[in-house]
Q: 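Quick one: the structure is below, and I'll ask about it shortly.
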Amino acid sequence: MIKNISIDLLVPFENHPFKERSGIEQQELTESIKENGLLEPIIVRSFPAGKYEIISGHRRVEACKALGITSVPVTIKELTKDEAIVQMVDSNIHREHILPSEKAFAYKMKSEALKHQGKTSCQLGTKLRTDEKIAETVDDSARQIQRYIRLIYLIPELLKLVDEERIAFTPAVELSYLSEYEQQILLEQIEFTDATPSLSQAQRLRKFSKDGNFFVDTVFAVLNEEKPNQKEQVRISADKLRDILPRGMDKQKTEDFIIKACEHYRKYLIRQRERER
């Protein structure tokens, strides 16, 4: 059933895991609605006090509000809370840009809703785990869905660093096994050292936690280690060296030759400067 209703009667979905977007994405959506109107109705369900809960279309509603649009077309669906959660996640999870935190909470919400619905059995009557059920509708495997859900155990400040890509996804999963107190220590040391843990460092921090050896000085020492990708490197195309290097040299001999050549040239420059004095 499609009808036009006042935009003021629409309320966001409770605990909606998908964040509002600003910037170019939202600007383009707003411009599209301004030029073409709202091409698809907002999907809602009945809500107390004559209002309607948005299932799909939160960003479009915000764009309409920005344009001063006072009424919008909606499709009203009679759904239970769990059915609404499943449809809300399914209608948003395929957005082009999804943050790790959004996936984490969306997968968790859908998993809990499926458990409540009892829709985890297949035709043969055997049980399908909820992560396997979710994996049928998304690009992530059941194992990857489990790993995303682990992110909800990160304190908000660390999860924000994951969304900002300062902490990579796989190390973040390892860090999610630290206690909240340990995560607070880690956050303080990240801010102090201006460094974030690599996968191997995160795995060691998790082991320190498990063994009861998680201390401030331990975390500080780990974060202060030089990571391989932090070492300054100079790369020179092989094509540029081919005409000036002796033939038949392996990688190690080539490196030794270049270093010796640089040392020789440095000494030459020093002699030249001394002669000019």
Q: Taking only residues two or more places apart in sequence, or in another chain, which ones meet E14 in a salt bridge (charged side-chain N to carboxylate O under 4.0 Å, His left out)?
A: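 E14: salt bridge (charged side-chain N to carboxylate O under 4.0 Å, His left out) contacts with K81.
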Q: P100: which residues meet the side-chain contact (heavy atoms from CB on, under 4.5 Å) condition with it, sequence neighbours left out?
A: Y148, L151, V162, D163
Q: Can you name the side-chain hydrogen bond (donor to acceptor under 3.5 Å, both in side chains) partners of E112, sequence neighbours left out?
A: K108
Q: Sequence neighbours left out, what pairs pass ring-ring contact (aromatic ring centres under 6.0 Å, His included) with at least one residue falling in residues 62-96?
A: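 As it turns out, there is no ring-ring contact (aromatic ring centres under 6.0 Å, His included) pair with a partner in residues 62-96 once direct neighbours are skipped.
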Q: Among pairs that include at least one residue of residues 40-87, which meet ring-ring contact (aromatic ring centres under 6.0 Å, His included), considering only residues two or more places apart or in two chains?
A: H16-H58
Q: For D140, which residues count as a salt bridge (charged side-chain N to carboxylate O under 4.0 Å, His left out) partner, sequence neighbours excluded?
A: K103
Q: The criterion is side-chain hydrogen bond (donor to acceptor under 3.5 Å, both in side chains); which residues satisfy it with K160, sequence neighbours excluded?
A: E164
Q: Got a sec, which residues hit salt bridge (charged side-chain N to carboxylate O under 4.0 Å, His left out) with R45, two or more places apart in sequence or on another chain?
A: E53
Q: Name all pairs fulfilling the salt bridge (Lys or Arg N to Asp or Glu O under 4.0 Å) condition that reach into residues 201-212, sequence neighbours left out, sorted by first residue then second.
A: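 For residues 201-212, and leaving out neighbouring residues, the salt bridge (Lys or Arg N to Asp or Glu O under 4.0 Å) pairs sorted by first residue read E174-R206, R204-E225, K207-D211.
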Q: Can you list every ring-ring contact (aromatic ring centres under 6.0 Å, His included) pair that touches residues 196-217, not counting sequence neighbours?
A: none
Q: To which residues is I2 joined in a hydrophobic cluster, defined by side-chain heavy-atom contacts under 4.5 Å among Ile, Leu, Val, Met, Phe, Trp and Tyr, whether direct or through other members?
A: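 None, because no other hydrophobic side chain comes under 4.5 Å of this residue.
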Q: Would you be so kind as to tabulate the donor-acceptor pairs closer than 3.5 Å made by side chains of residues 64-73, with sequence neighbours excluded?
A:
none

